[in-house]
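Read the numbers this way: they start at 1 and go in the same order the structure lists the ligands and their atoms. Throughout, numbering of the chain's residues begins at 1 and tracks the sequence.
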Amino acid sequence: MENFSEWFHNILEEANITDSRYPIKGMAIWMPYGFQIRKYTLELLKELLDKDNDEVLFPMLVPEKELAKEGIHVKGFEDEVYWVTKGGQKDLNEQLALRPTSETAIYPMYSLWIRSHIDLPIKYYQIANTFRYETKHTRPLIRVREITTFKEAHTAHATKKEADEQVEDYIKLYKEFFNDLGIPYLISKRPSWDTFPGADYTMAFDTIMPDGKTLQIGTVHNLGQTFAKTFDITFEDKDGEHKYVYQTCAGLSDRVVAAMIASHGDEKGLSLPSMVSPNHVTIIPILFKKGKEDVLNKCENIKEQLEAVGLRVNIDDRDIRPGKKFYDWELKGTPIKLELGPRDLENNITIAMRRDNLEKVEIDLDDLLADNILNLIAKYDKNLNSKSWAFLEDHVKFTADLNEVPKLIEDGYVVSFNWCGDDDCGKQIEEETGYDILGIYEELDGESGLKCIKDGEDAKYVALIAKTY
Ligand code: PR8
């Protein structure tokens, strides 16, 4: 892909995913095809979350006094908050924030709901829109000012151990989610200066976009007891003692869809993982005046057979050239296209074409049609997954030479390096190279003998540095 940014903007429009011409910067419309992708993506995530979390929905407005309570948190968001200051002509007594995230909406209520150890743990999530007045360059789905599908989970626990385990559980859950979508990721512990405002530490998922820049696609935060102390979230333990809870939160956004589009797309358009593709199979009838009815009837019959095994199938019977239909569904990334013309009908076959490698196979219409298609889809998904992981693995490179970092990053790599872990040293690395440390990728054995790339001290970690979105 020559120019990823241009490709991405074009594909969103051409595939009917979003329209960014809405007259407010950073806010866009989900168009019908995009809305369906969004819907299936949310269903997939909900299925994973619902196993162990309960869905709720909070109001969008947060009173200023609640937002202002947690000092570090509010400082982190103060330049990004949209305020509602009027009701009609009247100034409001207290201005209201459009939630940039919902800690300060949710935790005052946790303080009311949690009384005793039997109320714990509490694991709620919501799918809501949040607002951030981003000052960096906005981009559709990637950096928006209205995040239309903010998926935020918030938990409270009786012990630190449980909160630590919850962080691991969310990491596991996000891994499963991204695996289902074939989005490859690097997981790292963010450096202190890039930790979520108010959290003890932040674990982040980053993917590498086709232009070599990384995109943070999900985060899991261990909040410790900071918010519990601010919002007075306490419980009576078994021994009658009053204690503060331990908390975690985790979030994903519209970026998931952007990352999926970027991971699998090519010059011809999208390739959608079957889990979230609006259609698994698109049937393209090749119609002539003679035998038209028979071909269309057979297409209907194939559709029914495939739907019976749970596949989403559409027939493109528009009155346009078949070549244009092939072009359109390649652009839209349907996993499998089936072609059926009068001669195929005579021979009792259909031609199946996979979107990922554009390979054609002849399939017998009587012999296990649905099984054969399911098989092709499974191979298709597997191939998307392995291709995108291979891309990520090919784009991470280690160096022990600080001077080499900028060149490697400009060549499209995420760079891994040995690091002592000292904050000042890390900030100097960022300053000298001009790039961002993503975080700690791996802990080194104390006896490794390896040295920090910058100050030559004993290295404690392998860290990652990259050009970021
Ligand atoms: C939290 N609180 O808020 P987080 N446009 C698109 N995606 C975005 C944007 C944006 N402007 N800003 C962030 N994201 C915690 C966890 C509740 C949930 C995406 O965490 O601020 C990023 O992928 O890290 C980010 O990882 C995720 O939202 C969660 O936001």
Side-chain angles (χ1 to χ4, degrees), residues 8 18 20 24-28 30 38 41 45 49 53 56 58 62 67 70 72-77 79-82 97-107 110 123-156 166-167 170-171 173-174 177-178 181 183 185-190 194-207 209 213-223 226-227 247-262 436 438-439 468-469:
F8 185 69
T18 57
S20 296
I24 301 180
K25 190 173 144 68
M27 302 190 185
W30 282 98
R38 172 188 184 273
T41 309
L45 182 70
L49 280 167
N53 297 259
V56 294
F58 273 73
V62 186
L67 187 78
E70 183 14 67
I72 309 170
H73 184 70
V74 75
K75 187 114 198 59
F77 281 102
D79 292 333
E80 291 185 14
V81 176
Y82 282 92
L98 283 178
R99 58 184 168 210
T101 167
S102 306
E103 283 73 10
T104 57
I106 296 176
Y107 300 163
Y110 274 12
K123 301 183 189 185
Y124 287 169
Y125 78 92
Q126 71 172 356
I127 299 177
N129 51 350
T130 54
F131 296 83
R132 295 185 179 184
Y133 185 73
E134 294 280 357
T135 45
K136 269 174 121 179
H137 184 59
T138 59
R139 289 167 198 274
L141 301 178
I142 290 177
R143 178 166 286 101
V144 288
R145 287 184 170 173
E146 179 183 6
I147 307 176
T148 55
T149 55
F150 199 59
K151 306 143 231 327
E152 50 178 328
H154 295 267
T155 69
Q166 185 61 51
V167 167
Y170 281 140
I171 291 175
L173 190 149
Y174 282 3
F177 178 61
F178 290 126
L181 298 176
I183 301 173
Y185 45 79
L186 298 161
I187 302 173
S188 63
K189 183 177 179 185
R190 286 280 184 260
D194 199 18
T195 295
F196 181 69
D200 282 2
Y201 65 86
T202 289
M203 300 300 296
F205 285 69
D206 295 282
T207 194
M209 299 297 259
K213 289 206 285 194
T214 60
L215 180 68
Q216 176 181 298
I217 47 173
T219 31
V220 183
H221 311 288
N222 195 324
L223 302 176
T226 304
F227 288 91
Q247 292 184 273
T248 80
C249 68
L252 304 165
S253 77
D254 312 20
R255 280 186 191 175
V256 170
V257 173
M260 184 182 64
I261 289 172
D436 298 325
L438 297 182
T468 58
Y469 265 97

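- With contacts defined as side-chain heavy-atom distances shorter than 4.5 Å, the pair Ile217/Met260 does not qualify.
- Across the listed options Ala258, Ala204, Ser253, Ser253 owns the non-hydrogen atom lying nearest to atom 8 (C) of ligand 1.
- Atom 12 (N) of ligand 1 has as its closest protein heavy atom Arg132 NH1, 3.3 Å.
- Those atoms of ligand 1 with a heavy atom of Gly218 less than 4.0 angstrom away are 23 (O), 26 (O).
- In this structure, a donor-acceptor pair under 3.5 Å is present between the side chains of Thr155 and Thr248.
- Comparing Phe150, Phe196, Tyr174, Tyr133 against atom 30 (O) of ligand 1, the shortest heavy-atom distance belongs to Phe150.
- The N/O atoms of Val144, backbone and side chain alike, include one that comes under 3.5 Å of an N/O atom in ligand 1.
- Among all non-hydrogen protein atoms, the one lying nearest atom 9 (C) of ligand 1 is Ile147 CD1, 3.5 Å.
- With hydrogens left out, the protein atom closest to atom 24 (O) of ligand 1 is Thr219 OG1, 2.7 Å, a heavy atom.
- Nearest to atom 11 (N) of ligand 1 by heavy atom, out of Arg143, His73, Glu134, is Glu134.
- Between Lys213 and Asp436, none of the side-chain N atoms (NZ, or NE/NH1/NH2) sits under 4.0 Å from a carboxylate O, so this pair counts as no salt bridge.
- Taking only nitrogen or oxygen atoms, main chain and side chain alike, Arg255 reaches within less than 3.5 Å of ligand 1.
- For ligand 1, the atoms closer than 4.0 angstrom to any heavy atom of Ala250 are 16 (C), 18 (C).
- Ring pair Phe205/Phe178 is tilted by interplanar angle, where 30° to 60° counts as tilted.
- Inclusion of Thr101 in the set of residues having an N or O under 3.5 Å from an N or O of ligand 1 is warranted.
- Aromatic rings from Phe227 and His73 are positioned such that their centres are separated by under 6.0 Å.
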